[in-house]
*Asks:* 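Have a look at this one before I ask anything.
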Amino acid sequence: MKFSNFFIPTLKESPSDVKMRSHDLMIRSGMIRQETSGIYSWMPLGFKVLKKIIDKIELLHDDNGINQILMPTIQSSDIWRISNRYDTYGKEMLRISDRNNKDLLYGPTNEEMITAIGKQYIKSYKNLPRKFYHIQTKFRDEIRPRFGVMRAREFLMKDAYSFDIDNVNGESTYCDFFKLYLKIFSQLGIPIIPVRALSGEIGGKLSHEFHLIVSSGESEIFLDNKLLNQSFGSLTLNQILNLNSYTDEYFKNIENKKNLEKFTSIELGHIFLFGTKYSSSFNFYIDSEKGKVMPYMGSYGIGISRIPAAVIEFSNDKDGIIWPKELSPFSVHLININIDDSECSEFCEKLYNEIKERNIDVIYDDRNERPGKKFSDADLIGIPLQIICGNAYSKNREISFLKRFNKEQINIGEERVMDKLLEMTGYKK
RNA sequence: CGGGGAGUAGCGCAGCCUGGUAGCGCAUCUGUUUUGGGAACAGAGGGUCGCAGGUUCAAAUCCUGUCUCCCCGACCA
């Protein structure tokens with residue numbers, strides 16, 4: 001992508017009502033634009049990050065036999081009356097009515113709808129287990145939206161739902177999702193901490209949240225700090241249940257509070273095994289070898305649109321964003337300093353095309369701007385590797401490689417540029 | 001919902017107290033000179049002063065109402 005053809009409306013000054021670092025940087029780097037309280041447009045750069053996250057999540061869900069569907073944003077009140085949540089969900093639910101005065105709502109979550117879908121099609125235990133997911137906009141009318149997309153009213157969420165024959169199989173599915181979540185966050189470059197949670201409005205007994213620890217986080221979690229450097233990937237269900245980490249709500253109810261340290265964090269994922277709560281209210285039975293049984297269900301959410309903000313909150317410096325390479329909107333930021341020097345520009349064009357041919361996501365700053373503006377935009381946008389072509393090329397045929405995270409800069413002869421690039425972006429060891 | 005703050009050019013703000021017909025910085029456009037860390041100079045464009053009503057010869061400014069946004073708190077997959 002050429003910078004001149006990619007709309008990135010960067011700002012020098014921060015909007016006055018912005019309080020959180022990530023919110024400020026998302027606005028100034030032209031990722032998002034506020035439409036009204038808690039509702040945002042995603043501009044090209046922001047949407048590109050979102051798509052990186054979506055792609056990774058889709059890939060890993062598909063790999064695990066979880067079927068992608070797309071449910072509507074608008075739901076009928078009917079199914080919510082069946083679960084009795086139409087009355088209990090409260091003002092967070094945005095209620096609307098159509099021209100015939102039928103009560104509709106903008107979905108805050110989809111347990112009811114997926115249960116109705118399951119009930120219609122799943123008739124036999126031979127159809128279980130069954131897992132679905134969708135990635136869709138949700139709306140929750142938060143009392144006080146804040147911090148940009150961090151606590152938005154309209155937001156993008158991945159929610160998955162599972163159907164199992166009984167509790168044992170349900171727990172096994174739950175355990176699979178637990179591990180899938182660890183894998184997803186790991187592949188997004190996010191050091192995640194799983195914590196035991198209460199299940200709240202959704203209902204049920206088994207629930208975990210997935211948190212990113214940052215000092216500016218809105219959540220509080222309590223954990224044994226030995227867990228900070230632990231990998232959780234190979235845990236059994238029993239080990240998962242005995243993890244010494246808790247949400248603040250859960251923490252209040254536990255007995256042994258020794259060795260638990262408090263951290264502030266951002267919640268990025270939440271999984272529940274709620275059992276027969278909805279299959280029961282929907283009278284959802286299937287035929288099994290033992291006669292009719294109610295399926296055990298679970299739901300599994302990831303706050304997709306919150307992830308970019310959380311990662312920026314976690315990784316930035318005074319000059320801007322520092323993307324981890326896993327979800328950086330581009331892998332390489334090629335900067336042409338001497339746009340008027342034909343040798344320099346020809347080299348950049350050629351290098352740009354070679355990078356693209358290798359399917360490496362590159363942004364090429366070909367704009368007719370002063371070096372200072374190009375550097376500061378590059379730092380603000382935060383691509384992990386900057387490749388700078390300017391005077392050093394004109395004089396010595398050298399190109400500068402600059403690592404965004406520590407600003408370490410080295411010069412490389414032109415013949416070794418591609419090799420070095422592959423090495424530094426991790427495409428070649 | 002309680003408490004507080006703010007709406008003036010795309011963004012950041014001044015002007016309001018003490019009424020006289022709107023200004024600064026950044027950004028944008030033109031020209032010249034510049035060009036390895038947000039350039040300099042010269043010029044230009046851009047505003048229903050959130051909205052509605054009232055007071056007045058005259059309202060961004062005073063009064064009333066209203067809408068919106070932000071902050072703190074309570075709340076929250």
Side-chain angles (χ1 to χ4, degrees), chain A residues 9-20 23-24 27-28 30 33-39 85 89-93 107-112 136 138-148 150-153 155-161 197-204 207-211 218-220 247-249 266-272 274 298-306 318-320 335-341 344 365 367-381 386-396 398-400 402 407 409 411:
Chain A
T10 58
L11 290 176
K12 210 175 197 174
E13 294 174 283
S14 307
S16 62
D17 50 17
V18 164
K19 301 295 175 223
M20 200 177 233
H23 187 192
D24 178 45
I27 300 274
R28 286 208 293 127
R33 176 190 125 90
Q34 179 168 344
E35 298 300 340
T36 185
S37 178
I39 299 182
R85 284 210 291 179
Y89 208 93
K91 287 191 154 185
E92 278 207 6
M93 180 188 279
T109 180
N110 286 58
E111 280 79 14
E112 282 78 0
Q136 177 65 291
K138 299 277 185 288
F139 191 93
R140 295 182 190 167
D141 201 356
E142 292 276 348
I143 294 173
R144 188 152 84 84
R146 64 191 112 164
F147 307 140
M150 192 74 83
R151 178 166 295 279
R153 294 193 294 170
F155 58 99
L156 192 62
M157 181 171 171
K158 186 283 307 184
D159 40 330
Y161 302 90
L198 297 176
S199 35
E201 175 63 24
I202 299 273
S207 178
H208 283 84
E209 294 181 358
F210 294 79
H211 284 248
E218 284 194 276
S219 303
E220 287 181 350
T247 63
D248 53 347
E249 273 190 317
I266 299 168
E267 178 193 351
L268 296 179
H270 200 161
I271 60 178
F272 306 88
F274 48 76
S299 71
Y300 313 88
I302 293 179
I304 292 179
S305 50
R306 184 182 273 185
K318 65 175 172 46
D319 296 318
I335 303 171
N336 183 356
I337 295 298
N338 288 352
I339 204 87
D340 292 328
D341 179 327
C344 202
D365 194 342
R367 295 175 301 168
N368 185 18
E369 292 285 355
R370 297 176 58 81
K373 177 157 173 66
K374 293 191 174 194
F375 288 132
S376 47
D377 276 351
D379 289 346
L380 178 61
I381 292 162
Q386 298 173 14
I387 297 183
I388 302 154
C389 179
N391 289 344
Y393 183 77
S394 308
K395 285 184 199 146
N396 310 317
E398 285 185 349
I399 308 296
S400 305
L402 190 149
K407 299 283 184 77
Q409 184 172 331
N411 284 8

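Order of the sequence lines sets the chain letters (A, B, ...), proteins ahead of strands, with each chain counted from 1. FYI, side chains are in, hydrogens and waters are out, and symmetry mates aren't considered; it's all heavy atoms of this structure. Computed from a predicted model, the values in this text were never measured in an experiment.
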*Asks:* Check the phosphate of B:rA27 against A:Lys12, side-chain N and O only, distance under 4.0 Å to OP1 or OP2. Yes or no?
*Replies:*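 The answer is yes; a side-chain N or O of A:Lys12 sits under 4.0 Å from OP1 or OP2.
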*Asks:* Would you say that A:Asn391 contacts A:Cys344 through its side chain, given a criterion of any heavy-atom pair below 4.5 Å between the two side chains?
*Replies:*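 When only atoms from C-beta onward are counted, A:Cys344 and A:Asn391 do not touch, as no gap falls below 4.5 Å.
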*Asks:* Would you tell me if any nitrogen or oxygen in the side chain of A:Arg370 comes within less than 4.0 Å of OP1 or OP2 on B:rG38?
*Replies:*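 No, A:Arg370 has no side-chain N/O under 4.0 Å of OP1/OP2 on B:rG38.
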*Asks:* Pairing check on B:rC17: which nucleotide meets the Watson-Crick or G-U wobble criteria with it, both distances under 3.5 Å?
*Replies:*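 None - no nucleotide pairs with B:rC17, as no candidate has both distances under 3.5 Å.
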*Asks:* Starting from P on B:rC11, measure out to CZ on A:Arg33 and report it in whole angstrom.
*Replies:*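 Distance, rounded to whole Å: 9 Å.
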*Asks:* Classify the nucleic acid contact of A:Glu92 as base, sugar-phosphate or nothing, counting any heavy atom under 4.0 Å across all strands shown.
*Replies:*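 Sugar-phosphate contact only.
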*Asks:* Between the base of B:rG38 and the side chain of A:Asp377, is there a donor and acceptor pair under 3.5 angstrom?
*Replies:*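 Donor-acceptor pair under 3.5 Å: yes.
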*Asks:* With no angle test and no hydrogens, is the base of B:rG25 tied to the side chain of A:Glu13 by a donor-acceptor pair under 3.5 Å?
*Replies:*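 Under the 3.5 Å cut-off, the side chain and the base do form a donor-acceptor pair.
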*Asks:* Indicate, with a heavy-atom threshold strictly under 4.0 Å, whether A:Phe155 touches base, sugar-phosphate, or nothing.
*Replies:*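 A:Phe155: base contact, heavy atoms under 4.0 Å.
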*Asks:* Take the protein atom CG of A:Asp365 and the nucleotide atom P of B:rU35, then report the distance between them rounded to whole Å.
*Replies:*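 Answer to the nearest Å: 19 Å.
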*Asks:* Across all strands shown, which nucleotide pairs with B:rG46 by Watson-Crick or G-U wobble geometry, both distances under 3.5 Å?
*Replies:*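 Its partner is none (no Watson-Crick or G-U wobble pair with both distances under 3.5 Å).
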*Asks:* NA contact type, A:Lys19, heavy-atom cut-off 4.0 Å: base, sugar-phosphate, or nothing?
*Replies:*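 Since only primed, P, OP1 and OP2 atoms lie under 4.0 Å of A:Lys19, the category is sugar-phosphate.
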*Asks:* Quick one: A:Glu249 CD to B:rC76 P, roughly how many Å, whole number?
*Replies:*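 Atom CD in A:Glu249 sits about 7 Å away from atom P in B:rC76.
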*Asks:* Identify the nucleotide, in any strand shown, that forms a Watson-Crick or G-U wobble pair with B:rG37, with both distances under 3.5 Å; if there is none, say none.
*Replies:*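 Its partner: none found.
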*Asks:* Does the structure show a Watson-Crick or G-U wobble partner for B:rA60, both distances under 3.5 Å? Name it, or say none.
*Replies:*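 The answer is none; no pair meets the criterion.
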*Asks:* Regarding A:Arg28, tell me which of base, sugar-phosphate or nothing describes its non-hydrogen contacts under 4.0 Å with the strands shown.
*Replies:*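 Result for A:Arg28 = base.
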*Asks:* Please name the nucleotide paired to B:rC51 by Watson-Crick or G-U wobble geometry with both distances under 3.5 Å, or report none.
*Replies:*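 Pairing partner, where one exists within any strand: B:rG65.
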*Asks:* Quick one: on RNA chain B, does A:Pro145 or A:Ile388 contact a more 5' nucleotide (nearest heavy atom)?
*Replies:*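 The residue closer to the strand's 5' end, by nearest nucleotide, is A:Ile388.
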*Asks:* Base, sugar-phosphate or nothing for A:Leu402? Non-hydrogen atoms, less than 4.0 Å.
*Replies:*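 A:Leu402: base contact, heavy atoms under 4.0 Å.
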*Asks:* Look at A:Thr36 and B:rU68 and indicate whether a side-chain polar atom (N or O) is within less than 4.0 Å of OP1 or OP2.
*Replies:*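 For B:rU68, OP1/OP2 do not have a side-chain N/O of A:Thr36 under 4.0 Å.
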*Asks:* Heavy atoms under 4.0 Å, any strand shown: does A:Asp159 hit a base, just sugar-phosphate, or nothing?
*Replies:*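 Nothing: the residue A:Asp159, judged by heavy atoms under 4.0 Å, touches no strand.
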*Asks:* Students often get this wrong, so: under 4.0 angstrom with heavy atoms, is A:Ser400 touching a base, only sugar-phosphate, or nothing?
*Replies:*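 If one applies the 4.0 Å heavy-atom cut-off, A:Ser400 turns out to touch a base.
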*Asks:* Confirm from the modelled atom types if A:Arg151 and B:rC76 form a donor-acceptor pair under 3.5 Å, side chain to base only.
*Replies:*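 Check passes, donor-acceptor contact within cut-off.
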*Asks:* Does any nucleotide pair with B:rG12 by Watson-Crick or G-U wobble geometry, both distances under 3.5 Å, and what is it?
*Replies:*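 Its partner is B:rC24.
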*Asks:* Once you apply a heavy-atom cut-off of 4.0 Å, does A:Gly301 come out as touching a base, just sugar-phosphate, or nothing?
*Replies:*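 Here A:Gly301 touches no strand at all.
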*Asks:* With sugar-phosphate meaning primed atoms plus P, OP1 and OP2, does A:Glu218 contact a base, only sugar-phosphate, or nothing at under 4.0 Å between heavy atoms?
*Replies:*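 Contact class for A:Glu218: none.
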*Asks:* Taking the minimum atom-to-atom distance to the side chain of A:Ser376, which one of B:rG38, B:rC1, B:rU35 wins?
*Replies:*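 From the listed options, B:rG38 comes nearest.
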*Asks:* Kindly point out which of B:rG38, B:rU35, B:rC71 is positioned nearest to the side chain of A:Lys373?
*Replies:*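 Out of B:rG38, B:rU35, B:rC71, the nucleotide with an atom closest to A:Lys373's side chain is B:rG38.
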*Asks:* Would you say A:Ser219's side chain and A:Ile266's backbone share a donor-acceptor pair under 3.5 angstrom?
*Replies:*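 Not a single qualifying donor-acceptor pair exists.
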*Asks:* Here's a test of your reading of the structure: between A:Pro15 and A:Thr10, which maps to the more 5' nucleotide of RNA chain B?
*Replies:*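 Checking each residue's closest nucleotide, the 5'-ward one belongs to A:Pro15.
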*Asks:* Any side-chain N or O of A:Arg144 below 4.0 angstrom from OP1/OP2 of B:rC76?
*Replies:*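 No, because none of the side-chain N or O atoms of A:Arg144 sits under 4.0 Å from OP1 or OP2 of B:rC76.
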*Asks:* Check whether any side-chain N or O of A:Gln34 sits under 4.0 Å from OP1 or OP2 of B:rC70, and answer yes or no.
*Replies:*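 Affirmative; the distance criterion is met.
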*Asks:* Checking base pairs now: Watson-Crick or wobble, both atom distances under 3.5 Å. What partners B:rA74?
*Replies:*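 B:rA74 is paired with nothing.
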*Asks:* Do A:Glu92 and A:Glu142 come within less than 4.5 Å of each other through their side chains, counting heavy atoms only?
*Replies:*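 They are in side-chain contact.
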